[in-house]
Each structure stands twice: as structure tokens, then as C-alpha cells.
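Encoded as C-alpha cells, the structure appears first; notes follow it.
Throughout, protein chains are lettered first and strands after them, A, B, ... in sequence-line order, and every chain is numbered starting at 1.
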Amino acid sequence: MRIASFNINGVKARLPRLLEWLEERRPAIACLQEIKSQDETFPTKEFEAIGYHVETHGQKGFNGVALLTDGEAAENVVRGLPGDPDDVQSRFIEADVKGIHIVNLYLPNGNPLPGPKFDYKLAWMERLSIRLTELRASEKPTVVVGDFNVIPEDKDVWSVAAMKDDALMQPQSRDAYRTLLNDGWTDAIDTLNPRGGVWTFWDYQAGAWQRDHGFRIDHLLLSPECADRLEGAGVDKEYRGREKASDHAPVWVELRD
DNA sequence: ATGCCTCAATTGTTGAGA
């Protein structure tokens with residue numbers, strides 16, 4: 001079973017590219033981030049027409065996540081990360097589908113720093129840690145995917161010097177990500193590519209794609225129940241080079257049935 | 001140097017992204 005995550009940078013701007021990717025790669029579960037759409041205006045019918053059920057958690061203008069499931073609807077859908085009733089940003093959705101508990105998240109970027117955006121990022125990661133610990137304790141097969149906006153280690157970025165002041169690779173961001181993993185999650189792409197050099201994002205600016213100036217911030221975390229089934233994981237890099245591409249490429253993990 | 005590009009909300013320009 002293939003589970004994929006794709007920061008699409010606007011569902012309406014990306015719709016032809018997105019339908020093309022779904023039909024070519026046919027993930028059983030596709031988790032989208034940065035849909036930049038409200039729930040009411042999400043192009044649900046277009047996805048249903050090619051056999052996907054749709055659950056969204058959107059808002060006006062930016063952010064927003066969606067869960068697309070091939071052939072069957074997700075159950076027990078919960079929207080929003082617990083822990084802060086004042087947080088109005090749509091960045092988190094979880095559900096049960098195909099015997100898996102799936103978590104789809106869009107973690108705050110955190111730039112510029114220091115400042116309220118970086119504080120929000122770190123607070124969000126603390127809330128996430130609490131929720132993921134609960135899910136680990138449940139011992140249900142769980143997969144946590146999304147745009148984490150964290151470059152885990154120096155091997156995950158084309159230039160440490162160029163990015164050293166960025167929120168994505170501050171020690172606090174990395175420590176918080178490491179804390180999450182230490183609870184027993186397996187970073188699927190890292191496990192299969194221990195030497196690094198795998199990118200999931202290339203900036204639109206300064207010819208980053210052409211120069212392969214990228215980094216790895218989209219992650220797929222497996223609970224032990226799922227890590228035992230890990231068959232493969234990777235990046236659908238070619239989609240970053242197509243017309244009207246997102247600045248992220250899709251990432252995927254294949255689990256044995 | 002804090003832009004270089006892209007998207008959304010709007011229709012000229014700003015905020016956000018990473």
C-alpha cells in the first residue's frame with residue numbers, strides 16, 4: 001500500500017498537475033498540504049471523478065490540508081491539532097483508513113526568527129509531540145506525514161551555510177523533531193537513505209531547481225507496527241520539473257500488505 | 001542585499017511561503 005504526501009502550494013493552481021500525479025502514481029492515501037482553499041470551494045468533484053474520496057481542513061487564502069483516499073472513505077476524521085483553542089490555522093487532519101491511522105500535517109515555517117512566528121512553530125511542535133505520544137501509546141498502526149518544515153540534519157540540505165539562519169534548521173527545530181522521533185517513529189526516507197542528499201523542496205527563486213539547491217522537509221514517519229512493513233520510500237522528483245509545478249515534490253512510502 | 005518566484009485575495013498591491 002502506497003501512502004504519499006505532497007505540499008501542492010495551491011490546489012486550484014495545481015489541479016491538472018495533481019490529477020495527473022494521482023492517476024500516474026495512484027497512492028492509496030494522498031495527503032495534501034497548502035491547499036490554500038476553503039472547504040466549500042475545494043475541487044472535490046474532480047478528485048471523486050477519478051475515484052478518490054476527499055476530506056479537507058481548509059481556510060481562506062493559505063495553509064490547509066486534505067486527505068484523498070482511493071476507493072473508500074476515511075473514518076473518524078478529526079480536524080485540528082489539540083492543545084490551543086486560540087489556534088485558527090488549518091494545519092492538521094487525522095483519520096482511520098485502510099487499517100491505518102493517518103496523520104497529515106503542515107507544520108509552521110517559523111521564519112523570521114526570533115519572533116512570534118518562530119515561537120508559534122516551537123509551541124506547535126510541543127503540541128504535536130503530545131498528540132504523537134498518545135498515538136504511539138495506542139499501538140495502532142500509524143503513519144504521520146506532511147510538510148514538517150524541519151531539515152533534520154546537515155546531510156539533508158544542499159548548503160548548510162546558505163540556510164544556517166533559517167527556522168527550518170535551527171537547533172530548537174531540530175531538537176523538537178528529534179524528540180518526536182525518539183518516541184519510536186521511523187523516518188522512512190532517512191532510514192532508506194542514511195547518507196542523506198535527498199531533497200523534497202526546491203525554491204522557485206534563484207534557479208534553485210536547475211542548480212539542485214534543495215532540502216528535505218517533507219517526512220513520512222512510521223509507528224513500529226508500520227515500520228515492520230516498510231518496503232520502500234522515495235521522492236517523485238520528476239514532478240518538480242514539470243510545467244506549473246509546486247515547489248515541493250511528492251514523497252511516498254510503500255508498506256507491505 | 002532579505003530580493004530573486006509563485007499563489008491567493010483582488011484588479012494594484014500585499015502577505016505568505018522557505
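Within 4.0 Å of A:Ala13, counting heavy atoms only, lie sugar-phosphate atoms of the nucleic acid but no base atom.
Between the P atom of B:dC5 and the CZ atom of A:Arg14 lies a distance of 16 Å, rounded to the nearest Å. Regarding A:His213, its NE2 atom lies at a distance of 14 Å from the C1' atom of B:dC4, rounded to whole Å. The separation between A:Arg211 atom CZ and B:dC4 atom P is 15 Å, rounded to whole Å.
Minimum interatomic distance between A:Trp252 and A:Gly232 (heavy atoms only, all atoms of both residues): CZ3-C, 3.6 Å.
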Tabulate atom names and distances for all N/O pairs under 3.5 angstrom spanning the protein and nucleotides 15-18 of chain B.
| residue | atom | partner | partner atom | Å |
| --- | --- | --- | --- | --- |
| B:dG17 | OP2 | A:Lys117 | NZ | 3.4 |
| B:dA18 | OP1 | A:Glu34 | OE1 | 2.9 |
| B:dA18 | OP1 | A:Asp147 | OD2 | 3.3 |
| B:dA18 | OP2 | A:Tyr106 | OH | 3.0 |
| B:dA18 | OP2 | A:Asn149 | ND2 | 3.0 |
| B:dA18 | O5' | A:Asn109 | ND2 | 3.4 |
| B:dA18 | N9 | A:Asn109 | ND2 | 3.2 |
| B:dA18 | N7 | A:Asn109 | ND2 | 3.3 |

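Comparing B:dC4 with B:dT13, their P atoms are spaced 16 Å from each other, to the whole Å. Comparing the P positions of B:dA1 and B:dA16 gives a spacing of 24 Å, expressed to the nearest Å. Rounded to whole Å, the P atom of B:dA18 lies 22 Å from the corresponding atom of B:dT14.
Through direct or indirect side-chain contacts shorter than 4.5 Å among Ile, Leu, Val, Met, Phe, Trp and Tyr, A:Val198 is connected to A:Met1, A:Ile3, A:Ile29, A:Leu67, A:Val97, A:Ile100, A:Ile102, A:Val143, A:Val145, A:Ile189, A:Leu192, A:Leu220, A:Leu222, A:Leu230, A:Val235, A:Val251, A:Val253, A:Leu255. With a 4.5 Å cut-off between side-chain heavy atoms of Ile, Leu, Val, Met, Phe, Trp and Tyr, the cluster of A:Trp199 takes in A:Ile151, A:Val157, A:Trp158, A:Val160, A:Met163, A:Leu168, A:Met169, A:Phe201, A:Trp202, A:Trp209, A:Phe215, A:Ile217.
Pairs of residues two or more places apart, or lying in two chains, that qualify as ring-ring contact (aromatic ring centres under 6.0 Å, His included) and include a residue from residues 38-57 of chain A are A:Phe42-A:Phe47.
With sequence neighbours excluded, the residues forming a ring-ring contact (aromatic ring centres under 6.0 Å, His included) with A:Phe148 are A:Tyr177, A:His219, listed by chain and number. With sequence neighbours left out, A:Asn76 forms a side chain to side chain donor-acceptor pair (under 3.5 Å) with A:Asp96.
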